[in-house]
Amino acid sequence: MAGKATSEASASGPEETASESAKVPAMRPFGDVAAPESTREEQVWEPQEPASQAPAPTAPAAPAAPTASVATKPAPPSEDVPSSPLLLTIVDVSHNSVTVSWEPPEKLGRLGLQGYVLEFCREGASEWVPVNPRPMMVTQQTVRNLVLGDKFLLRVAAVSSAGAGPPAVLDQPVHIQEIIEAPKIRVPRHLRQTYIRLVGESINLQIPFQGKPKPQASWTHNGQALDSQRVSVHSGDQDSILFIRSAQRSDSGCYELTVRLEGLEAKATIDILVIEKPGPPKSIRILEVWGCNAALEWTPPQDTGNTELLGYTVQKADKKTGQWFTVLERYHPTTCTISDLIIGNSYSFRVFSENLCGLSDSATTTKELAHIQKADIAAKPKGFIERDFSEAPSFTQPLADHISTPGYSTQLFCSVRASPKPKIIWMKNNMDIKGDPKYRALSEQGVCTLEIRKPSPFDSGVYTCKAINVLGEASVDCRLEVKGEGHSPGTLPWMGEQRPPLWGLD
């Protein structure tokens, strides 16, 4: 059984010798058929209908009484020719090509199989025309460069050196027509939510879509046709553009784009909101004044600017300076209380409305003033009890033992609490070290610090911090160890020289 192979038909077949041309029947060009060159000498095939075989079946929609493309010869024995190919089916049909495939026949004939010949017959014609002039050892063929509107039948026959076997015919004719791609609209991300524009701005919507052949696009506004004097629409092969030069509040609403193609359609809706600044509140009045407070009330604006209000901005101004200061921003209720007013001043108040466009161009101002009057207040001072904060010294953070490296400055810390401020004394091995330039003592906000500059092993020892005031004293200590390189007993640790021998011991 021959394996499956594929061939694409070309417009012109392979070149043949004059003798071969005489044997091949004349053909009418059909499509673009490609045939591979033969790698060995083949006997020229002449289509014929064997007498011993039953006539080839015809499709229900096949043209009446199609005839063979060439003159027949005496029928060869039935066992020499192959049987009809199996499972002739259409693999793919596009707007300019068709691909068919089949399975090898059950019987290949005693002389073996030389290939297959694909033939076509146009609708309304009676002549079968071969697509490939020679038998081709393939079980799938693609015919390209067809014309839209072509309608024809296809059949394939297996060929041996004895002749062609009975053909297999497609059940239905092939119709070449343009492939329809269902329309689809791709709404940009920023248009999937309400599209907001200001009054006077332009609106330019470009909505891409897909579909083949070119679909028809149409727009509606709130279910009605567009006003051609205000809105212009341009639709191309892949998108539709809606343009409004100067938007007005009446342009707000739901715009629907419909793309239709041969009974199929796709729709997309875009919500547009055209807004402007709101008007000021209708009225404002002072409800009550007490102490350093004033209560206000106002009514919402008649025009909100075609969108929701974000709140109100309340300002105050005293009569002396006349300068306005903001008290509340984006305040939602229509009543408020203004506090912390200065006694003796008179105040006026105003309120702005606010939406997405900003504050209203004007504000509503109170007609009357709010007078913050002085009240007769009698001060009743209470007796002041003075507290004694005197305290004897006490350390809240003691000194901590410390290990240092020779040549690197180190610090000791502690904290003391006392009142009045205590006197701080630092000692090393119970010896006062005040005035020694090697040490620097600091005391700030109760934190006592002793800095030892470039210590050596000689500076190791017990350090004490003592705090003294008139109420008492307190002290803390710690051990400082300066680790350095080892030295012999006869060497001074801070000089590295040989110590002289002690008198009377040598």
Side-chain angles (χ1 to χ4, degrees), residues 1-9 13-14 20 23-25 27 33-63 65-92 98-121 126-143 152-174:
M1 189 73 69
K4 177 167 287 191
T6 305
S7 172
E8 292 189 1
E20 289 174 336
K23 298 179 181 180
V24 177
M27 297 179 296
V33 183
E37 295 183 359
S38 177
T39 57
R40 58 185 175 86
E41 292 185 1
E42 295 179 350
Q43 190 174 5
V44 177
W45 170 74
E46 297 180 2
Q48 54 186 343
E49 298 290 342
S52 61
Q53 295 290 337
T58 58
T67 60
S69 59
V70 293
T72 59
K73 290 185 177 182
S78 60
E79 62 270 10
D80 292 343
V81 296
S83 60
S84 175
L86 305 176
L87 303 177
L88 176 61
T89 56
I90 297 176
V91 177
D92 180 57
V98 61
T99 301
V100 293
S101 67
W102 58 88
E103 296 293 336
E106 293 183 358
K107 298 179 181 179
L108 302 181
R110 293 186 306 177
L111 302 180
L113 187 65
Q114 287 188 340
Y116 303 90
V117 171
L118 183 65
E119 295 179 314
F120 78 95
C121 179
S126 59
E127 180 183 4
W128 287 94
V129 179
V131 174
N132 49 309
R134 293 186 177 189
M136 300 174 64
M137 190 61 73
V138 295
T139 56
Q140 180 171 307
Q141 272 190 271
T142 299
V143 183
F152 51 87
L153 280 172
L154 288 173
R155 72 180 185 181
V156 63
V159 180
S160 68
S161 58
V169 185
L170 281 177
D171 296 337
Q172 296 181 355
V174 180

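In this chain, numbering begins with 1 at the start of the sequence shown. Quantities reported herein were computed from a predicted structural model and do not represent experimental measurements.
Considering CD of Q140 and CG of L118, their distance stands at 11.5 Å, rounded to 0.5 Å. Rounding to the nearest 0.5 Å places CG of N132 at 12.5 Å from OH of Y116. For the atom pair CG of L153 and CG of D171, the computed distance is 10.0 Å after rounding to the nearest 0.5 Å. To the nearest 0.5 Å, atoms CG (L154) and OG1 (T89) are separated by 11.5 Å.
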Checklist line | Worked verdict on L113 versus M137 for side-chain contact (heavy atoms from CB on, under 4.5 Å) | finding: CA-CA 8 Å; L113 187 65; M137 190 61 73; 4.3 Å; yes
side-chain contact (heavy atoms from CB on, under 4.5 Å) evaluation trace for Q141 with W102: CA-CA 9 Å; Q141 272 190 271; W102 58 88; 3.8 Å; yes
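Contact detail for A158 and P82: the closest heavy-atom pair is O-CG, 3.4 Å. In terms of heavy atoms, V117 sits closest to P130 at CG1-CB, 4.1 Å. The nearest pair of heavy atoms linking A168 to L88 is O-CD2, 3.1 Å.
I90 pairs by the side chain to side chain contact (heavy atoms under 4.5 Å, CB included) definition with V93, V98, V100, L170, V174, not counting sequence neighbours.
Of the possible donor and acceptor atoms, none in the side chain of T99 sits under 3.5 Å from a partner among the backbone N and O of V91.
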